[in-house]
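Counting begins at 1 with the first residue of the sequence. Values reported hereafter were calculated over all heavy atoms of this structure, with side chains retained and with hydrogens, waters and symmetry mates removed.
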Amino acid sequence: MKTINHLPHHIVSKIAAGEVVDRPASAIKELVENSLDAGATYIQIILEQGGLKKIVVKDDGKGMSKEDLEICFLPHTTSKITTEKDLDTIQSFGFRGEALSSIAAVSHMTIKSRKTDAEHGYMVELIPFQEPTLSSAGIPVGTEIEIKDLFSTIPARKKFVKDSRTELRHIVDAITTIALSFPRVGFILEHDGNVIVNVPKEQNLQERIHALLGDDIGMQMMPITHESQYGRLNGFIGKPQLAGSSRAHQYLFVNNRSITHLPISRTVTESFGSLIEPRTHAVFVVSLELPYESVDVNVHPRKEEVAFAYPKNILELCEEAVVTTLKNNNITYKKISSDFMKERGMDGSTADMLKDMVTPWNLKPENMQEISQLHNLYLVAPTADGILLVDQHAAHERILFEQFKEAFRNSHATGAVFELPESLLINLPASDSIILDEHAETLQKLGFDISLFGVNTFKLCAVPDVFKDRNYKELISEFINDMREGRNSGSKLDRTTERTLAFMACRTAVKAGDPLAPDERKRLLEKLLACPAGYTCPHGRPTHIEVSMNELDKMFKRK
């Protein structure tokens, strides 16, 4: 009996669509890139319900003829390439002829278009399981594509799509990325009647960075340019103080195509050396101009990755560019003060949290006066049957998290609130603004007085007392990164509160590299050993390890 079957065309088209269009943002990316290939100078995107109900993309590009409109939505139809040789030097975004056919397979799509020399335009309507209909249409020169009820034909995919707010954030990220690559093109993004992104055409890259990423980031970006026989790099990199825990503000383009390339991201960050803290990521908007034949863009279903003919030389180009830029800008590293508590203005707040003793566990050092600090990272103390090794940051983080959690449950959050002498305006990238607006209520419960003040701008008037004298813009940026990455502490509080309290504990705790005085080491260890959940930090890393005499004897081959 035959077990191999030939799949029907409608199933094949849905499978192919799933590889290209996995959420509204990917559909919009494909449509906007088609507009750019058509030479558009202005692109408008209109959304309803995060793009799940409706997406409209309008452009002023060269448009399509009636004949092109009749076949543009068929699989593997494209105007970008004609021969096999064209694959070696692809200069356009689209070339596979999959985007429109994939979207049409999973939605109700209408395409209107008019060429420059045409008296009027034409419209084709594509309804699932029906024959396409073609008619005349009054439309300006360019193309307008409307998508309704995305994924209506594949309910299995639709149930994996997130809520409209999450989908909107992914769309904003996609449009921000494309708009940074094409500062000469104007973009407007509207969602449910509200303008989210609005940037004019004919901007330079620096103006576009300020418009999309905010002045707080834009003012701290340095121009970067470098050239070798393999290509040219140009753009902007952030000063060391912009480095953060997330790669959210790393934008890399190869011949104007946005890509993800972890080796390049790591190379750029590592080129900062000791100017930035370990496990943080540099901020950059960087474009590589390379010979088209040295880049293979046909290695990923959504063309988000590329392969280089000379990968080692490209990494060297990136490293030389960053090192040269840092040298020319004379950026020096500021060492952390040895007086940890006073440096952060927390000797009257965080230190007090470590003072009160409670009943300790049975795991207690023999002599609390013999606590050593190893490489300003670990505490070492003898026990009755060996030694105790403590990660100072993880330990302090757990202590503070439990205190913040208890305070939150007792309805008085973090206690005292510090009123800022003057309110602080924080200008954010659009996607960051969406995240902060979504979680503003949780921050307010914890003692932050923060509210929306304008388009992508928030006003901060007060913070919990433990954050007094901190860099508040950096604090909010780190909070957004934690929310973006969905870090979870594992307690029984709601997940947003869990992540927020874990964030507060992490950012308030002592860090690796912070020297601690003997009394600070003692208080830290006492509070850890008194903490009933002190085995790990809120993110799951161990806070301490006990090495027994038996294990030590085995290491030294005494047994």
Side-chain angles (χ1 to χ4, degrees), residues 36 88-91 93 176-185 202-213 217-244 246-278 280-297 299 303-333 429:
L36 293 169
D88 296 331
T89 56
I90 293 173
Q91 300 184 27
F93 286 113
T176 297
T177 300
I178 295 173
L180 284 170
S181 183
F182 287 87
R184 298 296 180 185
V185 177
E202 298 303 327
Q203 287 187 309
N204 60 41
L205 180 56
Q206 187 171 23
E207 292 170 332
R208 184 58 58 91
I209 289 173
H210 277 266
L212 291 175
L213 304 186
I217 291 178
M219 292 296 290
Q220 299 186 76
M221 299 290 278
M222 303 173 290
I224 180 173
T225 182
H226 200 70
E227 191 169 359
S228 75
Q229 68 183 89
Y230 297 96
R232 177 180 176 83
L233 181 149
N234 58 72
F236 288 82
I237 58 172
K239 293 181 179 179
Q241 54 266 37
L242 279 184
S246 168
R247 290 191 177 93
H249 298 314
Q250 293 187 344
Y251 300 92
L252 175 62
F253 309 101
V254 174
N255 296 335
N256 286 330
R257 184 187 302 276
S258 172
I259 68 162
T260 299
H261 197 276
L262 290 180
I264 290 180
S265 295
R266 283 196 297 264
T267 296
V268 171
T269 294
E270 290 170 359
S271 297
F272 277 76
S274 61
L275 292 173
I276 61 178
E277 294 182 9
T280 60
H281 306 283
V283 171
F284 58 80
V285 181
V286 166
S287 178
L288 285 167
E289 299 173 12
L290 308 176
Y292 289 101
E293 62 271 16
S294 71
V295 183
D296 184 358
V297 301
V299 296
K303 296 165 285 189
E304 295 172 352
E305 300 175 5
V306 300
F308 298 114
Y310 309 100
K312 180 180 178 181
N313 302 103
I314 298 304
L315 295 180
E316 289 175 351
L317 169 64
C318 295
E319 181 180 10
E320 292 169 1
V322 175
V323 170
T324 301
T325 299
L326 294 174
K327 181 179 179 181
N328 291 342
N329 282 271
N330 192 28
I331 298 174
T332 56
Y333 177 70

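Contact between Leu233 and Cys318 at its shortest, heavy atoms only, is CD1-SG, 3.8 Å. Nearest heavy-atom pair, Phe308 versus His261, reported as atom, atom and distance to 0.1 Å: CE1-NE2, 3.4 Å.
Using modelled atom types, one side-chain atom of Asn255 and one backbone atom of Leu290 make a donor-acceptor pair closer than 3.5 Å. Arg247 places no side-chain N or O within donor-acceptor distance of the main-chain N or O of His281, the cut-off being under 3.5 Å. Side-chain atoms of Gln250 come within 3.5 Å of backbone N or O of Ala282 as a donor-acceptor pair.
Remark: Ser271 pairs with Thr267, Glu319, Val322, Val323 by the side-chain contact (heavy atoms from CB on, under 4.5 Å) rule, at least two apart or across chains. In this structure, Thr269 has no side-chain hydrogen bond (donor to acceptor under 3.5 Å, both in side chains) partners at least two apart in sequence or on a different chain. With sequence neighbours excluded, no residue satisfies side-chain hydrogen bond (donor to acceptor under 3.5 Å, both in side chains) with Gln206. In terms of the ring pair (Phe, Tyr, Trp, His ring centres under 6.0 Å) criterion, Tyr251 has no residue partners (sequence neighbours excluded). Considering only residues two or more places apart in sequence or on other chains, Phe253 meets the ring pair (Phe, Tyr, Trp, His ring centres under 6.0 Å) condition with none of them.
Going from atom CD of Gln203 over to atom CG of Leu180 covers 10.0 Å, rounded to the nearest 0.5 Å. Ile217 contributes atom CD1, which lies 9.5 Å from atom CD1 of Ile209 (distance to the nearest 0.5 angstrom). Expressed to the nearest 0.5 Å, how far CG of Leu288 lies from CG of Leu252 amounts to 6.0 Å.
Remark: the Asn313 side chain and the Gln229 side chain contain no N/O donor-acceptor pair separated by less than 3.5 Å.
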Identify all side-chain donor-acceptor contacts of residues 220-227 below 3.5 Å with residues at least two apart in sequence or on another chain.
residue : atom : partner : partner atom : Å
Gln220  : OE1  : Gln241  : NE2          : 3.2
Gln220  : NE2  : Asp216  : O            : 3.1
Thr225  : OG1  : Arg232  : NH2          : 3.2
His226  : NE2  : Glu320  : OE1          : 3.3
Glu227  : OE1  : Arg232  : NH1          : 3.1

(request) Might you work through the side-chain contact (heavy atoms from CB on, under 4.5 Å) test for Val285 and Leu213, ending with a clear yes or no? (result) CA-CA 11 Å; Val285 181; Leu213 304 186; 4.3 Å; yes
(message) If you apply the rule side-chain contact (heavy atoms from CB on, under 4.5 Å), what do you find for Leu315 with Ile264, and how did you get there?
(response) CA-CA 6 Å; Leu315 295 180; Ile264 290 180; 3.7 Å; yes
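Between Asn234 and Leu205 the shortest side-chain heavy-atom distance does not fall below 4.5 Å. Residues Val283 and Phe236 fail the side-chain proximity criterion, which asks for heavy atoms closer than 4.5 Å. Contact annotation: the side chain of Glu316 never approaches that of Ser228 to less than 4.5 Å [non-hydrogen atoms, C-beta and beyond]. The shortest side-chain heavy-atom distance between Ser294 and Tyr230 does not fall under the 4.5 Å cut-off. Using a 4.5 Å cut-off on side-chain heavy atoms (C-beta onward), Asn204 and Glu207 make contact.
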